[in-house]
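Sequence lines set the chain letters: A, B, ... in the order given, protein chains first and strands last, and positions in each chain run from 1.
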Amino acid sequence: MEDILEKLTIAVKRGKADKNSPYPPDMKGQEGADELTAEALKMGFTAEEVLQKALVKGMHLIGEDFSAGKAFVPEMLMAAKAMKAAMKHIEPFFKSGSVKQKGTVILGTVQGDLHDIGKNLLGMMVEGAGWKVVDLGADTPFEKFKGALEEHPGAIVGMSALLTTTMVNMKGITEKIKAMNPDTIVMVGGAPLSQEFCDQIGADFYSPDPQGATEFLDGLVQSS
Amino acid sequence: MEHHYTVRLEPLGKQIRVQAGTPLKDILFPYGVEFPCGGKGLCGGCRVKVLQGSVSLDEEHKRALEKLGLKDPWRLACRSRVTGDVTLEIGQFDTFILADSSPFHFHPRPGYGIAFDLGTTTLVAQLVSLESGEVVAVETEVNPQARYGGDVISRIEYAVLQQGADELTRLIREKFAAMTGRLLRKTGGTPPEKILIAGNTVMHHLFCGRDLAPMASYPFETPHGDACRFTAEELGLPADHTEILFLPVLGSFVGGDILAGIVATGLDESEDPVILVDLGTNGEIVVGNRDRILCASTAAGPAFEGTNIHMGMRATTGAISSVTVEGGEIKTHVIGNEKARGICGSGLIDAIAVFLDTGQIDAGGRITGDRERLPLTQEVFLTQKDVRELQLAKSAIASGLHILMDRLGYGPQDISNVYVSGAFGTFINLTNTARIGLLDFPEEKIIKMGNTALLGTKMLLFEDGERVDRILRKTAHLSLESNPRFQDIFADNMMFMP
């Protein structure tokens with residue numbers, strides 16, 4: 001019985017979206033995250049169980065590999081596709097309230113910057129860890145964060161930047177978010193950033209990789 | 001105890017002490033000498049005249065010279081090593097069209113011109129006789145702005161966020177005046193007719209004193225990219241009639257240096273579609289022909305220049321510049337024939353290709369087994385992160401080409417030539433470049449051009465402004481990241497497909 005959850009964990013980690021997907025080549029013809037999730041639910045596993053024991057686990061494993069340099073952007077994106085295929089089946093349970101998400105995370109590449117692959121990787125990891133993700137896209141000004149915060153009170157904000165000339169825009173946005181509500185947690189990330197920069201601009205958390213950010217987020221749930 | 005010899009280079013007037021056996025290619029490269037055929041001994045572009053002393057000759061070298069119709073005292077730099085004290089004249093500076101096989105119709109005119117390549121890292125200026133096309137004198141210097149950051153983004157940051165623009169403008173103009181002044185000592189007091197300056201968008205703005213703020217953030221489009229004219233007095237040169245012009249920007253980060261590259265490669269006059277790739281930090285790419293040209297910058301990052309690589313370094317003495325496998329054993333070539341201290345971009349590409357073939361790196365870029373390091377010599381090794389950096393850089397270029405070619409409706413088979421410019425391009429092994437998926441074109445289509453910015457600027461000294469205007473009219477800039485499929489294409493191109 002538990003076997004199918006294990007298979008699903010591997011399908012997510014390896015990025016096998018569905019039976020027809022050619023990636024990864026060595027899993028050709030095998031069932032992917034799509035089919036395995038449907039089957040698991042049919043077999044009587046709750047959506048909560050499928051999410052926690054397979055999807056979250058699979059994303060955690062690929063996240064660990066990414067942190068260690070063993071997996072890279074392409075593998076992460078494939079895993080994200082597999083997870084998306086699985087989430088189609090889980091989403092109705094979120095809406096009905098039978099599965100609780102851990103909270104909401106609002107993500108955006110900061111105003112002036114167009115590079116959003118890093119932010120997208122974080123988004124899939126956070127979603128894969130059981131959070132609701134509101135992705136505001138690239139070149140995101142304060143007003144958009146504000147709108148999203150008003151719609152999702154208590155949400156956590158994550159901002160990314162790839163350039164030293166755009167990361168400075170995080171400062172103004174962080175200040176304005178804190179002025180709205182000093183308790184709003186702001187996470188920052190991106191290639192040119194550092195813990196020092198995070199402290200300087202008054203943000204709450206920095207991580208050089210998405211795994212660190214999901215662990216931070218999960219820590220918030222446990223401590224509350 | 002190793003032997004050292006003295007090499008004198010004319011007309012540069014430089015004197016260098018090097019170890020016995022050092023390849024001449026390694027010595028001449030930093031002085032802007034180009035190796036059009038990539039150092040295969042085929043084109044004669046790197047020929048040198050032995051004025052004093054001797055350079056020994058092996059059979060292969062002798063045959064190469066015969067084929068090219070060259071006799072004593074000529075040698076091919078790419079085939080030669082230092083075997084004694086020697087004085088050399090660099091033949092290349094006499095004939096200023098290098099790799100372009102089509103005849104260049106230049107109209108001799110009286111006087112002198114100066115072609116200035118104003119790079120982010122290095123500055124090269126050549127004094128050219130407009131009558132003969134000869135290079136009379138050369139000046140090279142490190143860009144004095146480099147202390148405020150190695151790449152264009154850090155220059156923008158210093159100029160815009162730290163209000164350092166005036167300082168950067170002052171530094172570069174002072175250096176420009178000093179280099180020009182030294183060149184003009186060679187003209188016997190004749191002021192030049194023309195000085196043409198080529199540089200990327202950031203160098204253009206900093207030299208011309210234009211506001212860089214638009215280049216600090218999205219959409220990275222500048223309204224100040226037009227050609228910029230100066231009088232001699234404005235730039236601290238003796239007052240005269242000299243026409244001084246900084247070439248215009250093509251779009252976004254793609255500047256006048258690439259415009260000059262288009263001229264140097266003849267891309268704008270080619271019937272068949274061709275590609276120009278600059279393998280530097282900005283990774284500019286151009287695809288097109290005489291009808292339509294698209295350009296983009298690809299944010300390749302500095303991996304090809306050895307930055308962000310654990311043991312990376314520039315292509316200078318002590319850098320592993322190529323890696324091969326012989327009888328299952330890894331062999332390295334070290335620039336300057338010295339002990340390896342690190343690895344430069346061309347060595348990195350070779351090393352990755354070698355490790356892919358030996359299975360020590362898999363198609364996803366992961367180091368196989370439980371190793372953390374892949375040794376090349378006793379001291380120099382690659383890390384997992386190095387492989388990742390290279391994947392990002394090569395995918396940036398490959399994805400950019402993919403998107404531009406797609407937009408113009410070209411497949412790889414439609415492209416007649418791929419011109420590779422940039423210092424780094426000169427050393428690369430084309431088989432390995434294709435192997436790692438950086439430039440996946442048949443080897444015979446790829447032409448290494450060296451410094452196309454300088455070459456094109458020199459060619460423009462002999463033309464009126466018409467050609468530049470024509471290029472500007474048919475060239476459009478494309479923002480790659482705004483392509484909705486960019487992320488998928490970028491991820492696909494990171495893989496190492498066999």
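- Two residues are said to be in side-chain contact when any heavy atoms from C-beta on lie closer than 4.5 Å; B:E481 and A:D113 fail this criterion.
- Rounded to the nearest 0.5 angstrom, A:L163 CG and B:I153 CD1 are separated by 4.5 Å.
- With a threshold of 4.5 angstrom between heavy atoms, A:I117 approaches chain B through its backbone and through its side chain.
- Shown here for B:A491 and A:P74, the closest heavy-atom pair between the two residues is O-CG, 3.4 Å.
- Proximity of a side-chain donor or acceptor of B:R366 to a complementary backbone N or O of A:G69 within less than 3.5 Å is not detected.
- When heavy atoms are compared at a cutoff of 4.5 Å, B:D488 approaches chain A solely by way of its side chain, counted from C-beta outward.
- For residues 157-169 of chain B, the interface with chain A (any heavy-atom pair closer than 4.5 Å) comprises B:E157, B:L161, sorted by residue number.
- Only the backbone of A:A71 has a heavy atom closer than 4.5 Å to any heavy atom of chain B.
- In the displayed structure, A:K178 atom NZ is contacted under 6.0 Å by more than 12 heavy atoms of other residues, nucleotides or ligands.
- Proximity to chain A among residues 199-224 of chain B is limited to B:A216, B:S217, B:Y218, B:F220, judged by heavy-atom separations below 4.5 angstrom.
- We find the CG-NZ distance between B:D362 and A:K70 to be 12.5 Å, quoted to the nearest 0.5 Å.
- The number of heavy-atom neighbours closer than 6.0 Å to CZ of B:R373, taken from other residues, nucleotides and ligands shown, is 12 or below.
- Using a 4.5 Å cut-off between heavy atoms, B:T383 does not touch chain A at all.
- Annotation: B:R170, atom CZ; neighbour count of heavy atoms from other residues, nucleotides and ligands within 6.0 Å is above 12.
- Atom NZ of A:K171 sits in a sparse spot, with 12 or fewer heavy atoms from other residues, nucleotides or ligands closer than 6.0 Å.
- Atom CD of A:E215 has more than 12 heavy atoms from other residues, nucleotides or ligands within 6.0 Å.
- Contacts of B:Q384 with chain A are made by side-chain atoms alone, with heavy-atom separations under 4.5 Å and no backbone atom involved.
- The candidate from B:Q487, B:K385, B:M494, B:M495 with the greatest count of non-hydrogen atom pairs under 4.5 Å with chain A is B:Q487.
- Heavy-atom minimum distance, B:S479 versus A:L114: OG-CD2, 3.9 Å.
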